[in-house]
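Following: one structure in structure tokens, then a few remarks.
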Amino acid sequence: IHELLHTAVHPAIERFRDRILEQQPHLPDIDPSYYLSGSETGVLNAWEDYAVRQLTSHILRNESPENIPAFLQDLLSAK
């Protein structure tokens with residue numbers, strides 16, 4: 001399920017690209033290698049994996065969000 005969700009989350013990550021890069025929030029449980037030395041691509045990569053992990057966790061608890069952009073918005077607001 002994790003890999004499948006990447007295909008749904010990736011386009012939404014692009015939608016929030018500027019906000020993610022501006023905030024550059026610390027993401028728990030994300031290995032530093034995901035950040036690719038802090039490059040833009042690395043920060044977005046780390047954020048995408050964090051979002052997919054959070055979404056996977058919600059889905060496995062039968063707590064599917066209404067839509068992915070709103071879910072990402074909530075994640076960004078929480079950081």
Side-chain angles (χ1 to χ4, degrees):
I1 189 169
H2 176 96
E3 293 304 321
L4 176 64
L5 289 175
H6 272 285
T7 62
V9 169
H10 183 77
I13 291 292
E14 288 300 316
R15 178 176 170 183
F16 294 103
R17 180 182 196 282
D18 292 338
R19 186 166 171 200
I20 292 167
L21 293 173
E22 181 181 302
Q23 284 185 331
Q24 293 207 14
H26 170 72
L27 303 170
D29 301 322
I30 298 295
D31 187 273
S33 66
Y34 279 86
Y35 290 94
L36 304 174
S37 299
S39 68
E40 286 186 2
T41 301
V43 170
L44 295 171
N45 183 51
W47 181 261
E48 180 175 330
D49 208 73
Y50 172 73
V52 167
R53 290 177 189 195
Q54 294 299 308
L55 183 56
T56 300
S57 178
H58 276 71
I59 289 171
L60 291 176
R61 291 191 313 262
N62 266 348
E63 298 173 1
S64 299
E66 281 190 40
N67 64 66
I68 291 181
F71 182 78
L72 294 179
Q73 180 76 33
D74 289 347
L75 285 179
L76 280 165
S77 296
K79 292 287 164 206

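Quantities reported herein were computed from a predicted structural model and do not represent experimental measurements. Throughout, residue positions are numbered sequentially from 1 according to the sequence presented.
- The salt bridge (charged side-chain N to carboxylate O under 4.0 Å, His left out) contacts involving residues 60-71 comprise R61-E63, where partners must be two or more places apart or lie in separate chains.
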For residues 9-17, which side-chain donor-acceptor pairs fall under 3.5 Å, sequence neighbours excluded?
{"unit_1": "H10", "atom_1": "ND1", "unit_2": "E48", "atom_2": "OE1", "d": "2.8"}
{"unit_1": "R17", "atom_1": "NH2", "unit_2": "E40", "atom_2": "OE1", "d": "2.7"}

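- The NE2 atom of H2 lies 10.5 Å from the CG atom of L55; values are rounded to the nearest 0.5 Å.
- Closest approach of F71 to A51, counting heavy atoms only: CE2-O, 3.9 Å.
- Under the side-chain hydrogen bond (donor to acceptor under 3.5 Å, both in side chains) criterion, N45 pairs with no residue at all, not counting sequence neighbours.
- Residues passing the side-chain contact (heavy atoms from CB on, under 4.5 Å) test with T41, sequence neighbours excluded: L36, S39.
- Looking at residues two or more places apart in sequence or on another chain, you find a side-chain contact (heavy atoms from CB on, under 4.5 Å) between L4 and T7.
- Partners of S64 by side-chain contact (heavy atoms from CB on, under 4.5 Å), not counting sequence neighbours, listed by chain and number: I59.
- Looking at residues two or more places apart in sequence or on another chain, you find no side-chain hydrogen bond (donor to acceptor under 3.5 Å, both in side chains) involving E3.
- Applying the side-chain hydrogen bond (donor to acceptor under 3.5 Å, both in side chains) rule to D31 yields the partners S33; only residues at least two apart in sequence or on another chain are considered.
- How far OG1 of T56 is from CD of Q54: 9.0 Å, rounded to the nearest 0.5 Å.
- The aromatic rings of Y50 and W47 sit tilted relative to each other, their planes meeting at an angle between 30° and 60°.
- Between the S57 side chain and the R53 main chain, no donor and acceptor come within less than 3.5 Å of each other.
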